[in-house]
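Here's the structure, in structure tokens; my notes come after.
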Amino acid sequence: MTEAIKDNHANRKHKNDVFCDLFSQKECAISLFNALNKTQYTNPVDLEIITLSDAIYMQLKNDVSIMFQNEMHLWEHQSTVNENMSLRGLVYFAHNIDGVLNSRGIVLYGKEKVKIPSPEYYVFYNGREDIPDRQKLKLSDSFIVPRKGYEWTANVLNINPGHNKKLLKDCPMLKGYSMLVYYIRKYQKEKNSLEEAIRKAIDRCIEEDYLKQYLLKKKAEVRAMLLTEFDQEAYERLIRTEERKEGRKEGRKEGRKEGENRINQLNLHLITEQRFDDLARAVSDREYQLQLFQEYGL
């Protein structure tokens, strides 16, 4: 695997992507909840955002977790096809429920049965491959020895334009997110740089009233989040290509982790200090990225 690929990894350790930021707002979360469950709740006060901290769980957490009416809903967006989403969802739920029990001082060693919220797990897919509108990925399909009675299901929903039209209509925020990603990819195909594609996509969404108020309010932050998110997506495609060429499934794990940690730390510094222009330049300018490494002692 080449050094250029290793060093091009974006900040995924700290999940500051648009989907997470958008649906961590209660008004957006209640809209998505209603669209998924065919309900019409209008007061988000009773809805609780319980997404776990990145600092504790890093990549072992989902994008958004909410608690509403004694139900725990786990939401994850995914830009690649992944058959392990049910297993990942089980891990996410375990971490979430552990956090809820600890926050309430509940222990599992008493005689009385501990009541927990019932879970629902959705994966919102907006990748480049064509998949059905809806899929159910079951944990039992991964069992080496088949066994009935144990199940965990990932409900995978394709949110690319042309798929799940009613869901997107019922949740304008999800539709806006879908269109934003679609336009970025469209402008990339037209040979625009990633930075230019993002700028054009944001401007077009504002013009067409997709996430208009959100984008106007947080334009610089959204731009930074999208730069890291799409740089990560490109990195993962390159990794898969290299691994196929070299006949390896995992690649050089240790080298990759070292490269990831270095980039993660740099991106976190830049985002914390709101140096969004420097972040954008570092994505495509290798020499400038090295200068920033030296500046922060990385």
Subject >> Pairwise side-chain contact, Arg134 with Asn158, heavy-atom cut-off 4.5 Å (strictly under) >> reply: no

**OP:** Work out which heavy atom in Tyr183 is nearest to a heavy atom in Cys205; give both atom names and the distance.
**Re:** CD1-SG, 3.8 Å

Original post:
Going by atom types alone, do Asn155 and Glu120 pair a side-chain donor with an acceptor below 3.5 Å?
Top reply: yes

Original post:
Any ion pair linking Glu207 and Lys212 (charged N to carboxylate O, less than 4.0 Å)?
Top reply: no

**OP:** Verify, without hydrogens or angle tests, whether Asn84 (side chain) and Leu87 (backbone) share a donor-acceptor contact under 3.5 angstrom.
**Re:** no

Original post:
Taking Ser24 for the side chain and Asp21 for the main chain, is one N or O donor matched with an acceptor at less than 3.5 Å?
Top reply: no

Original post:
Within a strict 4.5 Å, meaning less than it, do heavy atoms of the Glu195 and Arg281 side chains meet?
Top reply: no

Original post:
If you measure only the distance, is there a donor-acceptor pair under 3.5 Å linking the side chains of Thr80 and Gln78?
Top reply: yes

**OP:** Would you name the heavy atoms of Leu279 and Ile271 that are closest together and state the gap between them?
**Re:** CD2-CG1, 3.9 Å

Subject >> Beyond-backbone contact of Val100 with Met67, side-chain heavy atoms, under 4.5 angstrom >> reply: yes

Original post:
Is the closest basic N to carboxylate O distance between Asp170 and Lys38 below 4.0 Å?
Top reply: no

**OP:** Give a yes or no on whether Asn43 atom CG has more than 12 heavy-atom contacts from other residues, nucleotides or ligands under 6.0 Å away.
**Re:** yes

**OP:** Look at the side chain of Tyr122 and the backbone N and O of His73, then say whether any donor-acceptor pair between them is shorter than 3.5 Å.
**Re:** no

Original post:
Do Leu108 and Leu101 have side-chain heavy atoms sitting under 4.5 Å apart?
Top reply: yes

Original post:
What about Tyr187 and Leu180, same hydrophobic cluster or not, with Ile/Leu/Val/Met/Phe/Trp/Tyr joined at side-chain heavy-atom distances under 4.5 Å?
Top reply: no

Subject >> Atom pair CD1/CD of Ile116 and Glu71 - distance to nearest 0.5 Å >> reply: 12.5 Å

Original post:
Would you say the side chains of Gln291 and Tyr296 form a donor-acceptor pair under 3.5 Å?
Top reply: no

**OP:** Taking the side chain as every heavy atom from C-beta outward, state whether Phe230 and Ile184 have any pair of such atoms under 4.5 Å apart.
**Re:** yes

**OP:** In sequence, state the C-alpha distance, the side-chain angles, and the governing distance for Gln135 and Val81, and then conclude on side chain to side chain contact (heavy atoms under 4.5 Å, CB included).
**Re:** CA-CA 11 Å; Gln135 290 179 293; Val81 174; over 6 Å; no

**OP:** Would you kindly confirm whether Val45 and Ile30 end up in one hydrophobic cluster when ILVMFWY residues are joined by side chain heavy atoms under 4.5 Å apart?
**Re:** no

Original post:
Should Glu208 and Arg204 be marked as a side chain to side chain contact (heavy atoms under 4.5 Å, CB included) after you check the CA-CA gap, both sets of side-chain angles, and the distance that decides it?
Top reply: CA-CA 6 Å; Glu208 297 179 357; Arg204 182 166 179 177; 2.9 Å; yes

**OP:** If the plane angle is over 60° it's perpendicular, under 30° parallel, otherwise tilted; pick one for Phe23 and Trp75.
**Re:** perpendicular

Original post:
Between Asn160 and Tyr125, do the side chains contain an N or O donor and an N or O acceptor separated by less than 3.5 Å?
Top reply: no

**OP:** Evaluate side chain to side chain contact (heavy atoms under 4.5 Å, CB included) for Tyr214 paired with Val222, printing each intermediate quantity in order.
**Re:** CA-CA 9 Å; Tyr214 172 76; Val222 169; 3.6 Å; yes

Subject >> Any side-chain heavy-atom pair of Lys138 and Ser86 under 4.5 Å >> reply: no

Original post:
What closest approach, in Å, do Val114 and Ile106 show between heavy atoms, and which atom pair accounts for it?
Top reply: CG1-CG2, 3.8 Å

Original post:
If two hydrophobic side chains count as joined below 4.5 Å and joins carry through other members, does Tyr182 share a cluster with Val18?
Top reply: no

**OP:** Could you tell me the separation between the CG atom of Leu22 and the SG atom of Cys28, rounded to the nearest 0.5 Å?
**Re:** 4.5 Å

Subject >> Short N-O contact, Lys136 and Asp141, less than 4.0 angstrom >> reply: no

**OP:** Provide the closest heavy-atom pair for Thr228 versus Met225 in the form atom of the first, atom of the second, distance.
**Re:** OG1-O, 2.8 Å

Original post:
How many angstroms lie between CG in Leu47 and CD in Glu27, if you round to the nearest 0.5 Å?
Top reply: 9.5 Å

Original post:
Going by heavy atoms in the side chains, are Trp152 and Pro119 under 4.5 Å from each other?
Top reply: yes

Original post:
Would you say the side chains of Asn96 and Ser65 form a donor-acceptor pair under 3.5 Å?
Top reply: yes

**OP:** Considering non-hydrogen atoms only, spot the tightest contact between Met85 and Leu137 and give its length.
**Re:** CB-CD1, 4.1 Å

**OP:** Quick one: pull up CG in Leu215 and CD1 in Ile206 and give me the separation to the nearest 0.5 Å.
**Re:** 5.0 Å

Original post:
Is it true that Lys26 and Glu48 have a side-chain N and a carboxylate O under 4.0 angstrom from each other?
Top reply: no

Original post:
Step by step, would you call Leu292 with Leu298 a side chain to side chain contact (heavy atoms under 4.5 Å, CB included)?
Top reply: CA-CA 8 Å; Leu292 292 172; Leu298 300 174; over 6 Å; no

Subject >> Euclidean distance, Lys166 NZ relative to Asp133 CG, rounded to 0.5 Å >> reply: 13.5 Å

Subject >> Pair Lys186 + Glu190, salt bridge at N-O below 4.0 Å >> reply: yes

**OP:** State yes or no: do Ile97 and Val107 share one hydrophobic cluster built from I, L, V, M, F, W and Y residues joined by side-chain heavy-atom distances below 4.5 Å, directly or via other members?
**Re:** no

**OP:** Determine, step by step, whether Phe33 and Phe68 satisfy the ring pair (Phe, Tyr, Trp, His ring centres under 6.0 Å) criterion, reporting the C-alpha distance in whole Å, the side-chain angles of both residues, the deciding distance to 0.1 Å, and the verdict.
**Re:** CA-CA 9 Å; Phe33 178 91; Phe68 190 54; 4.9 Å; yes

Original post:
Do Tyr41 and Gln69 have a side chain donor and acceptor closer than 3.5 Å?
Top reply: yes

Subject >> Asn126 side-chain N/O to Ile159 backbone N/O, donor-acceptor pair under 3.5 Å >> reply: no

Original post:
Is any NZ, NE, NH1 or NH2 atom of the basic residue among Arg275 and Glu295 found under 4.0 Å from an Asp or Glu carboxylate oxygen of the other?
Top reply: yes

Original post:
Parallel, tilted or perpendicular: which describes the rings of Phe19 and Phe124, with under 30° parallel and over 60° perpendicular?
Top reply: tilted

**OP:** Indicate yes or no for a side-chain donor-acceptor contact from Asp63 to the backbone of His77 under 3.5 Å, with no hydrogens or angles considered.
**Re:** yes

Subject >> Shortest non-hydrogen contact between Ser140 and Glu151, atoms and distance >> reply: OG-OE1, 2.6 Å

Subject >> Heavy-atom side-chain proximity of Leu32 to Ile66 below 4.5 angstrom >> reply: no

Original post:
Has Met72 got more than 12 heavy atoms of other residues, nucleotides or ligands less than 6.0 Å from its CE?
Top reply: yes

Original post:
Are Asn34 and Thr39 linked by a side-chain donor-acceptor pair shorter than 3.5 Å?
Top reply: yes

Original post:
What distance separates Leu168 CG from Tyr177 OH, expressed to the nearest 0.5 Å?
Top reply: 12.0 Å

